[in-house]
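Just so you know, residue 1 is the first one in the sequence shown, and it goes up from there.
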Amino acid sequence: MSRSWSRSVHALVGAATALAVLTACGGAADSRARGTADDPVTVSFWAWTRGSQEVVDAFNATHDTIKVEFEEIPSGGLGGYPKIANAVKAGIAPDLLSIEYPQLSAFVSQGSLQDLSGYLTEDVKKKFLPQTIEMTTLGGRNWAVPFDAAPQIFYYRKDFFTEHGITPPTTWDGFRDAAEQVRKAEPKTRIATFFPDDPTFFQAMAWQAGAQWFRADAGTDAWRIHTTDPASTRTAAYWQGLIDDRLVSTASSFSPEWTGSLKQGTTVGYLGASWGAGVLAGIVPEQKGKWAAVRLPSWEADRPASGMIGGSTFAVSKGSTKTAAAVEFALWMSTHEDAINARIGASTSSALPASPAMVPIARKAFDTGFYGGQDLYGLFEEAGASIGPDWVWGPSPGATNSALGDALGEVVGGASTLPKAIRRAHDATVTDLRKRGLTVEDPS
């Protein structure tokens, strides 16, 4: 992430910062908030991520001054974020929240979260991938504890590719060639799926190509919005070609149609994130040993690159009076081997920890038998290192995703095109930000 991002969104987060000043600085009150063995402080925690209950159980079994009460909520896209937003407005939000990177800026701009800069010292921040710290830093302040990074990966049916002499592609040109070979080998089979219901899928592809949809320039209070930049346009044209030529499936993500195609073998690849390894193994466990993974194809063979699909953080709600204890628990979840073992070992999660020191723990905890014993975490680390450094999320992801999501449905139905879809997302974002009273630069 560019440093201009951290310097130039000061106006955006100013109001939220005022809400957090009292709890961001530490001190005697916070020390007392950590509780005692005789009178432990109880931290409430909401999340939907796999293995959260196991992590809470492991923490409670080894700590006597802080106890955690966990509530599982729907994933963000299935109602978790509205539930969080309503709870904050009603003053009944839990102390600690699981929030994905794309949504963090929206919650910060709404004044829903506390500034955690007083807890995330330089020594603490060194424990995490720089990209994840940048993505949780707004206006020069730290708003969340990173949990995982989610670089893109290509999972494929190794048995199918081997049987038909198809080489796993390393470039997008090669991916199209491989897609044609897959269809030629089995006319009803497709190499992968373009998910029309998940805007973050296309956003990650644009990110990987070098797009910069949002930018807040240093020295101004203006947001520069450009969802139709050259990298995005190139990505849109490429995927439109695959859709037009029926070289990819267009089933909705995790729908019965998509999961059925995996089970039937009519979809033999999955363009997902690092966390997708565990998800895929859970969907088709009967295909154990038939799958493998490679880095995402890139535009240039000698320049690996990745965007991110999802990835989560832990943030403290504005109304919490237990900030110190909540942050202590959040850091334990992200940087302690017992937490990583509990989450990954008990839940088939394949999350890539944002803390590099935890990657060896995750590697040992995750059963790679489904992938023939492949060193997935070595691949994840390489992909994580190639995450594009210039992507930032704007303050209005809801407007962007809503417009893009509606348009993607029309694209796969033949009523629109991807170039038109990203233009609609651009216009909707600009309109929404101006309604919020923010200054917008529109280079298009």
Side-chain angles (χ1 to χ4, degrees), residues 47-54 72-80 100 148 150-163 166 168 175 178-179 182 186 188-202 204-205 248-296 308-312 343-352 362-363 365-377 379-380 383 412:
W48 59 84
T49 46
R50 287 169 172 256
S52 292
Q53 182 65 65
E54 289 83 354
E72 182 174 348
I73 62 173
S75 68
L78 296 176
E100 294 166 293
D148 67 330
Q152 297 162 290
I153 301 294
F154 178 48
Y155 304 95
Y156 70 101
R157 279 283 297 270
K158 186 176 181 179
D159 61 330
F160 183 95
F161 276 61
T162 299
E163 178 184 353
I166 303 171
F175 184 85
V182 167
E186 296 285 349
K188 294 183 178 181
T189 299
R190 296 295 179 267
I191 191 172
T193 305
F194 179 91
F195 296 118
D197 63 311
D198 184 4
T200 64
F201 175 85
F202 180 80
M205 294 296 174
V248 292
S249 164
T250 54
S252 295
S253 58
F254 308 109
S255 64
E257 179 186 0
W258 182 66
T259 58
S261 72
L262 293 172
K263 291 180 177 294
Q264 296 159 16
T266 53
T267 295
V268 294
Y270 168 39
L271 294 160
S274 47
W275 50 261
V279 174
L280 183 61
I283 292 173
V284 284
E286 68 277 9
Q287 295 175 9
K288 182 178 181 178
K290 296 182 178 181
W291 287 82
V294 293
R295 68 173 177 82
L296 191 75
M308 289 214 322
I309 302 177
S312 58
R343 185 180 298 278
I344 293 179
S347 68
T348 70
S349 169
S350 59
L352 173 65
R363 178 183 283 113
F366 183 70
D367 180 2
T368 58
F370 183 82
Y371 299 91
Q374 180 181 352
D375 179 13
L376 289 181
Y377 276 87
L379 174 64
F380 295 167
V412 300

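No option in D198, D197, T193 other than D197 meets the side chain to side chain donor-acceptor pair (under 3.5 Å) test with S253.
If you take NZ on K288 and OG1 on T368, they are separated by 9.5 Å, rounding to the nearest 0.5 Å. Annotation: the span from W258 atom CH2 to T266 atom OG1 amounts to 12.0 Å, rounded to 0.5 Å. For the atom pair F160 CZ and W291 CH2, the distance stands at 11.0 Å (nearest 0.5 Å). One distance of note links OG1 of T259 with CG of L280; it measures 11.0 Å at 0.5 Å rounding. The CZ atom of R157 lies 9.0 Å from the CG atom of L262; values are rounded to the nearest 0.5 Å. The distance from the CZ atom of R343 to the CZ atom of R50 is 11.5 Å, given to the nearest 0.5 Å.
Between Y155 and A293, the closest heavy-atom pair is CD2-CB, 3.6 Å. Nearest heavy atom pair, residue A150 against residue G311, reads CB-N, 3.8 Å. Closest non-hydrogen pair, A281 versus Y371, comes out as N-OH, 4.2 Å. Here the closest heavy-atom approach between residue V294 and residue I153 is recorded as O-CG2, 3.5 Å. Here the closest heavy-atom approach between residue I191 and residue V182 is recorded as N-CG1, 3.9 Å. Across S255 and A251, no two heavy atoms sit closer than the pair OG-CB, 4.2 Å.
Contact of the L376 side chain with the S350 side chain is not registered, since no non-hydrogen atoms from C-beta on lie closer than 4.5 Å. F254 has its side chain within reach of V279: a pair of non-hydrogen atoms, C-beta onward, lies under 4.5 Å apart. The side-chain heavy atoms of D159 and Q287, taken from C-beta on, include no pair separated by under 4.5 Å. Inter-residue side-chain proximity for Q152 and L271 is flagged as unmet; no heavy-atom pair is nearer than 4.5 Å.
Formation of a donor-acceptor pair under 3.5 Å by the T250 side chain with backbone atoms of F194 is not found in this model. Listed for the D148 side chain is a donor-acceptor partner under 3.5 Å among the backbone atoms of S312. Of the possible donor and acceptor atoms, none in the side chain of R295 sits under 3.5 Å from a partner among the backbone N and O of L379. With T267 contributing its side chain and A192 its backbone, the two residues share no donor-acceptor pair below 3.5 Å.
Within 6.0 Å of NZ on K263 lie more than 12 heavy atoms contributed by other residues, nucleotides or ligands.
Ring-plane geometry between Y270 and F195 is classed as perpendicular, the angle between the planes exceeding 60 degrees on a 0 to 90 degree scale with a lower cut at 30. Ring geometry, F154 versus Y156: the interplanar angle falls under 30°, so the pair is classed parallel (tilted spans 30 to 60°).
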With side chain to side chain contact (heavy atoms under 4.5 Å, CB included) as the test, would you mind laying out the steps for L296 and F175 before giving the verdict? CA-CA 10 Å; L296 191 75; F175 184 85; over 6 Å; no

